[in-house]
Amino acid sequence: MLRIYFTAADFARVRFAVRPAPLQELNAALATMVLTQDDDPLLGRWRQRLLRSLPDAARPLADLVPAGRVSEDRTVEDAAARLPAPFWARGGCDGDPRAWEVMRRAQFAAFEAVVRPVWARVEDLHRAEFTRFALTVAEQGLGAAVSGLVPGARLRDGTVWECDASGADRDLELAGRGLVLQPTFHWTAGPLVAEPSSGTPVLTYPAGPGLPLEPADDAPCALVAVLGRTRCSMLLLLAEEHTTGSLARRLGLSDATVSAHTAALRGAGLITTVRAGRTVLHRRTPLGSLLIRRTL
């Protein structure tokens, strides 16, 4: 559980990142790639494609992920503490400019291969998330906007933001420093917190569609020509149960637009829809799953 403690001064200093963070998106994409299995129905093929596209210049980044395990807290110093370590990891701890040049080149090469092809999509998604957040603040207030950042988040007693996080149990006292909200579009696990020794803490939270980001001229699956990009993406997501609101958030659509698409998919027998109280739940049917497996 991640708990962030706000004061009145902190609420007055909550800021939304004005633009996506290139290095954060790269880190999120590489972490997701490491944590994904090749047979994952949503991300498996994306992972394999990324592994093939990474150039040799990016190989030093693998030294930060011993035995294929990734941690949000991994640093150059962590890697250097694990023997054997390459010269650049140990040299980085000593301030060797040659070592940091190796790291810089590796990050640049990885960014060009992994993130650059979809950077326009990342910028579009960031603007859409900013708009969603701003409208929520205007219509419902900052408390509601912060509570709605990720599913399962809540604002307890009006001062403590709580959410299941991807790491260990953690408490963060903002103590008047405020908080920067940084959405990321390659990460699908829990929110992450960066607490600099000086300055404002940053909360990075997943705000993407939960699907591999594709360049604007690429199709996410072979069904796009038949179903359209939105319905194809929706069918991929509905391997798990989603509400109408959840689909709208993941795909950046209105509830009304999602309802129209789900009605079409339901009419074709590709999804089912059931009502649980005031909530409407959608899920892919066996026919929909068969269609996905045949075309991915």
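Residues Gly178 and Pro201 share a closest heavy-atom pair of O-CD, 3.5 Å. When all heavy atoms of Leu155 and Ser147 are compared, the closest pair comes out as CB-OG, 3.3 Å. When all heavy atoms of Ala239 and Arg284 are compared, the pair lying nearest together is CB-NH2, 3.5 Å. Smallest separation of non-hydrogen atoms from Pro117 and Glu112: CD-O, 3.4 Å. For the residue pair Pro55 and Ala113, the shortest heavy atom distance occurs at CD-CB, 3.9 Å. When every heavy atom of Arg177 is checked against every heavy atom of Asp10, the shortest pair comes out as N-OD1, 3.0 Å.
A salt bridge is defined here as a Lys NZ or Arg NE, NH1 or NH2 lying under 4.0 Å from an Asp or Glu carboxylate O, and Glu195 with Arg170 meets this definition. With salt bridges taken as basic N to acidic carboxylate O contacts below 4.0 Å, none links Glu123 and Arg127. Under a 4.0 Å N-O distance rule, the pair Glu162/Arg154 qualifies as a salt bridge. Here Asp56 pairs with Arg59 in a salt bridge; the nearest charged N to carboxylate O distance falls below 4.0 Å. The residues Arg47 and Asp38 are annotated as salt-bridged, a charged nitrogen and a carboxylate oxygen being separated by less than 4.0 angstrom.
In this structure a side-chain-to-backbone donor-acceptor pair under 3.5 Å is present from His126 to Ala17. Thr36 places a side-chain N or O within donor-acceptor distance of the main-chain N or O of Thr32, the cut-off being under 3.5 Å. For Asp40 (side chain) and Leu42 (main-chain N/O), a donor-acceptor pair under 3.5 Å exists by modelled atom type. A distance-only check finds no donor-acceptor pair linking the side chain of Thr285 to the backbone of Thr272 [under 3.5 Å].
The aromatic rings of Phe6 and Phe11 sit parallel to each other, their planes meeting at less than 30°, with 60° as the upper class boundary.
Between Met234 and Ile271 the shortest side-chain heavy-atom distance does not fall below 4.5 Å. Looking at heavy atoms from C-beta onward, Asp169 lies in side-chain contact with Arg3 at the 4.5 angstrom threshold. Looking only at side-chain heavy atoms (C-beta outward), Glu25 and Trp119 come within less than 4.5 Å of each other. You'll find the side chain of Val146 reaches within 4.5 Å of the side chain of Trp161, heavy atoms only. Within the 4.5 Å cutoff, the side chain of Leu251 has heavy atoms near those of the Leu237 side chain. Taking 4.5 Å as the limit, every side-chain heavy atom of Arg15 sits out of range of all side-chain heavy atoms of Leu181. Looking at Val193 and Ile4, their side chains come closer than 4.5 Å, going by heavy atoms from C-beta outward. Residues Leu281 and Thr243 have side chains in contact (heavy-atom distance under 4.5 Å, counting atoms from C-beta outward).
Cluster membership check: Val160 does not share its hydrophobic cluster with Leu172, using side-chain heavy-atom separations under 4.5 Å among Ile, Leu, Val, Met, Phe, Trp and Tyr. Under the 4.5 Å side-chain contact rule for hydrophobic residues, Phe108 and Leu50 do not share a cluster. Under a hydrophobic-cluster definition in which Ile, Leu, Val, Met, Phe, Trp and Tyr are linked whenever side-chain heavy atoms come within less than 4.5 Å, directly or via other members, Val14 and Leu203 are assigned to the same cluster. Side-chain heavy atoms closer than 4.5 Å link hydrophobic residues (I, L, V, M, F, W, Y) into clusters, and following such links, even through other members, never connects Leu149 to Val18. No path of Ile, Leu, Val, Met, Phe, Trp and Tyr side chains, each step under 4.5 Å between heavy atoms, connects Val180 with Leu2, placing them in separate hydrophobic clusters.
Atom CD of Glu101 has more than 12 heavy atoms from other residues, nucleotides or ligands within 6.0 Å.
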**OP:** Could you go through the side-chain contact (heavy atoms from CB on, under 4.5 Å) check for Leu54 and Met33 one step at a time?
**Re:** CA-CA 12 Å; Leu54 283 172; Met33 182 186 71; 3.9 Å; yes

**OP:** I would like to know whether Arg13 and Leu179 meet side-chain contact (heavy atoms from CB on, under 4.5 Å); could you show each step before the answer?
**Re:** CA-CA 6 Å; Arg13 292 182 174 90; Leu179 187 66; over 6 Å; no

**OP:** Decide yes or no on side-chain contact (heavy atoms from CB on, under 4.5 Å) for Trp46 and Leu51, but give the supporting numbers first.
**Re:** CA-CA 9 Å; Trp46 168 84; Leu51 286 172; over 6 Å; no

**OP:** Applying side-chain hydrogen bond (donor to acceptor under 3.5 Å, both in side chains), run through Thr257 and Ser254 and close with a yes or a no.
**Re:** CA-CA 5 Å; Thr257 300; Ser254 69; 2.9 Å; yes

**OP:** Dump the intermediate steps for side-chain contact (heavy atoms from CB on, under 4.5 Å) on Arg19 and Phe130, then the final yes or no.
**Re:** CA-CA 9 Å; Arg19 60 183 63 85; Phe130 174 82; over 6 Å; no

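Between the side chains of Thr273 and His282, at least one donor-acceptor pair of N or O atoms lies under 3.5 Å. Inspection of the Ser259 and Thr262 side chains reveals no N or O donor paired with an N or O acceptor under 3.5 Å.
To the nearest 0.5 angstrom, Leu23 atom CG is 9.5 Å from Phe111 atom CZ. In this structure, the separation between CZ on Arg283 and OG on Ser289 is 8.0 Å, given to the nearest 0.5 Å. Rounding to the nearest 0.5 angstrom, the gap separating the CD atom in Gln182 from the CZ atom in Phe16 is 7.5 Å. Here the straight-line distance linking atom CG of Leu192 with atom OG1 of Thr184 works out to 8.5 Å at 0.5 Å rounding. How far CG of Leu30 is from CD of Gln107: 9.5 Å, rounded to the nearest 0.5 Å. With values rounded to the nearest 0.5 angstrom, Tyr5 atom OH is found 11.0 Å from Leu174 atom CG.
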